[in-house]
Amino acid sequence: MNFTEEFAEVIVTVIDKQIEKEQVITMIETPKYKEMGDLAFPCFSLAKHYRKPPKVIAQEISKEIQTPLFEEVKAVGGYVNVYLNKTEVSSKILTQIITEKEYYGSTNIGQGGVVTIDLSSPNIAKPFSMGHLRSTVIGNSLGLVLEKCGYKPVRINYLGDWGTQFGKLIVAYQKWGSEGQVRENPIQELFRLYVHFHKEAENDPSLNDRGREAFKKLEDGDEETLKLWKWFREESLKEFMKIYNMLGISFDSNHGEAFYNDKMDRVVQLLEENNLLEESDGAQVVNLEDSAPCLIKKRDGTTLYATRDVAAAIYRQETYHFVKSLYVVGHEQTLHFKQLFKVLEKMGYEWHAGLAHIPFGMILKDGKKMSTRKGKTVLLEEVLKEAIELAEKGIKEKNPDLASKDEIARQVGVGAVIFHDLKIFRMNNIEFSLEDMLRFEGETAPYVQYTHARACSLLRRGNDKIHLSIDKFEDVEAWPVISLLMNFPGVIQQALKDYDPSKIAKFVIELSRAFNKYYATVKILDSNKVQERLALVYAVKIVLNEGLRLLGIESPEEM
RNA sequence: GUCCCAGUAGCUCAGCUGGAUAGAGCAACAGCCUUCUAAGCUGUGGGUCGCAGGUUCGAAUCCUGCCUGGGACGCCA
């Protein structure tokens, strides 16, 4: 049920098809202020055609509109403002939500097409930083949104488990490390060595050469080096799993960069066959018209990030036959992806059209990038732990009798951290602020979860009074809530189109605000409208739950 | 130097496929719990929408230039 479409239909008939229906739909807007109605059609662009002032056109159009769906049609200035028939529309929307439940807002525009999502991708032997959190939560949410729209998401954790950095790490370990210390505290110790290496390399650049040598040995399959590498990888993965478990995120594939080692030769061969490789300063590159050349092989014959990404893209297409392939990676890599996609296009793969980089801004500390090499980084695990503790404290204070406090504290604390990231448009840089992340009031996940818990509480208390058919909904006070509920499917489409979960985050905040206001002004259980009001509460619960779910956040029934 | 992203209230951000009076949250202040979960609700103050031009009936929104911040620009990923 789409009232915009119905409105457009009427307009098109009245203006005698001067404008296509599709275009009318895009022209229709929601008035800025609710006193001005629920839908509005601006007549300014018709002025030229009719050679009349927009005001007059608006009046003429509004006079001709008559449908039971609109309770009033008014011309205000150059606008045709429509007031929906609240009783009619409310009943329809609520019935729909209560019938469809969590499927409200679902579509099948994806038609089962596979979409691979490259997300999270932390680097082995480095702590899981706040930066990786962005990729993880944005990618996860996009996967959920895609799924809701009929796609089949495949989440790929493209672990950074290969590259010159491992040469460096191995040199550092052999020079300054010990097995015992690494066993005791893997990530921390490996990271310490990594940072130490860079510090030493500032005074002694030859270390960098030794790092490259060690990596060459690794690529050539030297047993000793390979053994170390495997060990580092395993320990790191164990640590990462702890975090993914806390976040409630899982992957369909953990193939990291190393997985493609034996698939590189083929890529180089394919490039050669297509006559795309050229030599430049001893390196092998693919020249591109509108951007810098893409490096495929270094002077010493070892491969690069781009080579691996080409191999990965081909492998993913052959394995999953994706219709789209998304890379949720920081915007500082925009050029890299531009080059990657161009290379694949030049190789003649038609599926290159489905490739997309989903960039996002950085987490800054004091306005600057948090550099892992210098050891200036904030550990996600610490932040999550702190958030959970704080949530637990809140529960003990506000709801001491609550059962399963631990589980709910986890849902609330983790939700707060995820939401803090997702509510902001992905391209914005985020200034790291523990204080903001641990805030549980205002525009936060706990606020939405709290609203959901309130709704659940009402439903528990009024259980016997819920009726699943709403014939007449005459509670005018609920209109702001209803009109938001009505927008949910559209919000999902927006989030899908722009690959932007923040649209959903903003929506659940708005809905919560509207509902809390309603809750504060109206008695729900103790009223002669209990049935219809509980139906509304039920619908709100469904939509909040589903909205949060699409963000990767759980909704406790009590808190 | 070239290219990308951002610049809206003290702070964090919406609004940006042009439209009607510029919106939230936080912080500050003042209220609301014998009454459905106060992680809530109500109210007050707070703005040259970075700057300058241009397009338009109409610009925070589109175009150009400039300023500021961040990032990228071949052997890192």
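Letters A, B, ... mirror the listed sequences (proteins, then strands); counts begin at 1.
- Using a cutoff of 4.0 Å between basic side-chain nitrogens and carboxylate oxygens, Arg439(A) and Asp436(A) are scored as salt-bridged.
- Contact annotation for Asn287(A): no contact, since no heavy-atom pair falls under 4.0 Å across all strands.
- Ala40(A) comes within 4.0 angstrom of a nucleotide base, judged by non-hydrogen atoms across all strands.
- Remark: Arg513(A) is not in phosphate contact with C41(B), judged by side-chain N or O atoms under 4.0 Å from OP1 or OP2.
- Distances from the side chain of Ala283(A) to the nucleotides A39(B), G74(B), C5(B) place G74(B) closest.
- Within 4.0 Å (heavy atoms only), Ser502(A) reaches no atom of the nucleic acid at all.
- In terms of phosphate contacts, Lys298(A) brings a side-chain nitrogen or oxygen within less than 4.0 Å of OP1 or OP2 of C76(B).
- Nucleic acid contact for Gly77(A): none, since no nucleic acid atom lies under 4.0 Å from a heavy atom of the residue.
- Counting distance only, with no hydrogens placed and no angle test, the side-chain atoms of Thr451(A) and the base atoms of G40(B) include no donor-acceptor pair under 3.5 Å.
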Worksheet item: Under a 3.5 Å cutoff on both atom distances, Watson-Crick or G-U, what's the dot-bracket for RNA chain B ([ ] crossing, | other strand)?
Response: (((((((..((((.....[...)))).(((((.......))))).....(((((..]....))))))))))))....

Please report, to 0.1 Å, the donor-acceptor pairs under 3.5 Å made by any side chain of residues 207-214 of chain A, with sequence neighbours excluded.
unit_1: Asp209(A); atom_1: OD1; unit_2: Arg212(A); atom_2: NH2; d: 2.9

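- Using a 4.0 Å heavy-atom distance criterion, Phe425(A) is classed as a sugar-phosphate-only contact.
- For Asn428(A), a side-chain nitrogen or oxygen approaches OP1 or OP2 of A14(B) to under 4.0 Å.
- Within 4.0 Å of Glu557(A), counting heavy atoms only, lies at least one base atom of the nucleic acid.
- Contact annotation: Tyr447(A) side-chain N/O to C41(B) OP1/OP2 distance is under 4.0 Å.
- Contacts of Lys398(A) with the nucleic acid, taken as non-hydrogen atoms under 4.0 Å apart, include base atoms.
- Note on Val522(A): a base of the nucleic acid sits closer than 4.0 angstrom, heavy atoms only.
- Contact annotation: Lys517(A) does not reach the phosphate of C41(B) (side-chain N/O to OP1 or OP2, under 4.0 Å).
- For the segment residues 19-31 of chain A, the set of residues with a heavy atom within less than 4.0 Å of an atom of RNA chain B comprises Pro31(A), in numerical order.
- Checking side-chain atoms of Glu532(A) against main-chain N and O of Asp475(A) turns up a donor-acceptor pair under 3.5 Å.
- As judged by a 4.0 angstrom heavy-atom cut-off over every strand, Lys523(A) is placed among the base-contacting residues.
- Comparing Ala292(A) and Glu35(A) by the nucleotide of RNA chain B that holds the closest heavy atom to each, the one mapping nearer the 5' end is Glu35(A).
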